[in-house]
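Below: the structure, in C-alpha cells.
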Amino acid sequence: MLHAFDLALDDLTKWTEGLTDGEVHAAPLELPSVAFHLRHIARSTDRLLSYAEGNQLFRGAVDGAQG
C-alpha cells in the first residue's frame with residue numbers, strides 16, 4: 001500500500017508542480033477545481049486508512065465526506 005501512495009504522490013507532484021494558487025482554485029467551464037480534487041484525494045485517503053486500521057469514521061469525517 002505504501003508503494004501505491006508513493007506513486008500517487010509522484011503523480012500529484014508531476015501534474016500540480018508549478019501551478020499558481022489561482023490555477024489550483026480555477027473552475028474552468030464550471031468544472032471542479034484542482035483544489036477540490038486534492039481535498040477529495042486527501043479525505044478519501046484518510047477514510048481508507050481509518051478503515052484499514054479497523055476504525056469507524058467519527059461524525060465530523062462523515063459530514064466532511066458528504067460535503
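The structure presented is a predicted model; accordingly, all values stated were derived computationally and were not measured. All residue numbers in this chain count up from 1 along the given sequence.
- For Pro28, the side-chain contact (heavy atoms from CB on, under 4.5 Å) partners at least two apart in sequence or on another chain are Ala26.
- The side-chain contact (heavy atoms from CB on, under 4.5 Å) test applied to Thr20 returns Glu23, not counting sequence neighbours.
- Taking Ile, Leu, Val, Met, Phe, Trp and Tyr as hydrophobic and joining them when side-chain heavy atoms fall under 4.5 Å apart, one finds Leu31 in a cluster with Leu29.
- Looking at residues two or more places apart in sequence or on another chain, you find a side-chain contact (heavy atoms from CB on, under 4.5 Å) between His25 and Asp21, Ala35.
- Going from atom OG1 of Thr45 over to atom NE2 of His40 covers 9.0 Å, rounded to the nearest 0.5 Å.
- Contacts of Glu53 classified as side chain to side chain donor-acceptor pair (under 3.5 Å), with partners at least two apart in sequence or in another chain: Asn55.
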In a table with atom names and distances, give each donor-acceptor pair under 3.5 Å that connects a side chain of residues 3-19 to protein atoms at least two apart or in another chain.
{"residue": "Thr13", "atom": "OG1", "partner": "Leu9", "partner atom": "O", "Å": "2.9"}
{"residue": "Thr16", "atom": "OG1", "partner": "Leu12", "partner atom": "O", "Å": "2.5"}

